[in-house]
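This structure is a prediction, so every number in the text was calculated from the model and none was measured.
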Amino acid sequence: MDHPSLAIIRSEHRALSAMLRTLLLLLGDSRRHERLPDFGALRAMLFYVDEFPQKLHHPKETLLLFPRLRGLSARTDEVLDRLDREHAQGEQAIRELEHQLLAFEMMGDAAQGPARREAFEAALHRYVGDYLAHMQVEETEILPLAVAALGPDDWAALDAAFLANRDPLTGHTADAAYQPLFLKILRLLQPGATSIGSALEALAGQAPPVGASRR
């Protein structure tokens, strides 16, 4: 039996994975055409990562899901410790990435431009690779363990919590305050805007939620 919370976690992973891949595809597209990227689009996408997965998705995993799996084995506790550390480091990581993007945007036309671009691109590739690896561990180790180990009361609590999530990229209507942001992002995800077909497939659930990033 599948549970609503599992479906929501996987759907949110797909949406985030699509967003992360789209960031890389936008940078790659600008490289191929020898132009600066759409900085407004990059800022909007990083803001999404900060505002929804970082503040909505991760805390519920750390506070509600992971504690229910602790004590099952030393190996499980080790994996959960690592995932919790990565969650805790996420806010600093996104801030550093946003700062490097700002530095690239401000200095892109200066003599330092190429170096700033290289620094941001390298940081983004590391960030995306780490994030995809993080989600892969959750998908392949933690969620199957939860299915095997948790009982009805656990699932009732988890389902109630995750059903409250309203991430617009998983099919929900955006709150009024966020509608301009998501209209901007969704326009970027239209076919033909850039070569982002694989990200669109992931967002629609037709591609795996995690995978290796490429330049």
- Message: With a 4.5 Å cut-off on side-chain heavy-atom distances among I, L, V, M, F, W and Y, is there a chain of contacts connecting L97 to L36?
- Response: yes
- Message: Please check: side-chain N/O of K60 versus main-chain N/O of A161, any donor-acceptor pairing under 3.5 Å?
- Response: yes
- Under a 4.0 Å N-O cut-off, is there an ion pair linking R82 with E78? no
- Message: Using the rule that Ile, Leu, Val, Met, Phe, Trp and Tyr join whenever any side-chain heavy atoms are under 4.5 Å apart, tell me whether F39 and F47 fall into a single cluster.
- Response: yes
- Query: Are the ring centres of H58 and Y131 closer than 6.0 Å?
  - Reply: yes
- Message: With rounding to the nearest 0.5 angstrom, report the CD1 to CD distance, I9 to E139.
- Response: 8.5 Å
- Message: Closer than 3.5 angstrom, by distance alone: can the side chain of T22 be matched with the main-chain N or O of A18 as a donor-acceptor pair?
- Response: yes
- Between L102 and M45, is there a shared hydrophobic cluster once you connect ILVMFWY residues whose side-chain heavy atoms come closer than 4.5 Å? no
- Please round to the nearest 0.5 Å and tell me the distance separating atom CE of M107 and atom CD of Q112. 4.0 Å
- Cluster question for you: counting only ILVMFWY and a side-chain heavy-atom cut-off of under 4.5 Å, with indirect links fine, are L46 and M106 together? no
- For R95 against D50, the heavy-atom pair lying closest together: NH1-OD2, 2.7 Å
- Item | Close side-chain approach of D130 to H134, heavy-atom, < 4.5 Å | no
- Task: Please report the closest heavy-atom contact between D159 and P4, naming both atoms and the distance.
- Result: OD2-CD, 3.2 Å
- Query: Regarding Q92 and E96, is there a side-chain donor-to-acceptor distance under 3.5 Å anywhere?
  - Reply: yes
- Between Q54 and P59 the two heavy atoms that sit nearest each other are O-CD, 3.5 Å
- Nearest-0.5 Å distance that lies between atom OG1 in T76 and atom CZ in F66: 11.5 Å
- Atom pair CD/CZ of E105 and R117 - distance to nearest 0.5 Å: 12.5 Å
- Message: Between F162 and H3 (judged by ring centroids, cut-off 6.0 Å), do the two rings come close enough to count as a pair?
- Response: no
- Message: Rounded to the nearest 0.5 Å, what separates atom CZ in R68 from atom CG in L145?
- Response: 13.5 Å
- State whether D2 and R10 are salt-bridged, where the test is any N-O pair (Lys NZ or Arg NE/NH1/NH2 against Asp/Glu carboxylate O) under 4.0 Å. yes
- Query: Do the charged groups of D84 and R70 touch, with an N to O distance under 4.0 Å?
  - Reply: yes
- Query: Does D77 use its side chain to pair, donor to acceptor, with the backbone of A74 at less than 3.5 Å?
  - Reply: no
- Pair D29-H33, side-chain contact (heavy atoms from CB on, under 4.5 Å): steps then yes or no: CA-CA 6 Å; D29 186 71; H33 291 90; 3.3 Å; yes
- Item | Evaluation steps, salt bridge (Lys or Arg N to Asp or Glu O under 4.0 Å), between R31 and E121 | CA-CA 11 Å; R31 274 281 190 184; E121 290 180 347; 3.0 Å; yes
- Task: Identify the heavy atoms of L20 and M135 that sit nearest to each other, and give their distance.
- Result: CD1-CE, 4.4 Å
- Message: Quick one, L101 and R43 - any side-chain contact, counting heavy atoms below 4.5 Å?
- Response: yes
- Enter the distance from R21:CZ to L16:CG here, rounded to the nearest 0.5 Å. 10.0 Å
- Item | Matching residue for S5 among L64, L158, L150 - test: side-chain contact (heavy atoms from CB on, under 4.5 Å) | L158
- Task: Without swapping roles, check the side chain of S17 against the backbone of H13 for a donor-acceptor pair under 3.5 Å.
- Result: no
- Item | Worked verdict on R75 versus E141 for salt bridge (Lys or Arg N to Asp or Glu O under 4.0 Å) | CA-CA 11 Å; R75 161 66 182 167; E141 298 191 41; 2.9 Å; yes
- Measure across A146 and W155 and return the closest heavy-atom pair with its distance rounded to 0.1 Å. O-CZ2, 3.3 Å
- Least distance between heavy atoms, L42 atom then F120 atom: CD1-CE2, 4.3 Å
- Query: Do L72 and L69 have side-chain heavy atoms sitting under 4.5 Å apart?
  - Reply: yes
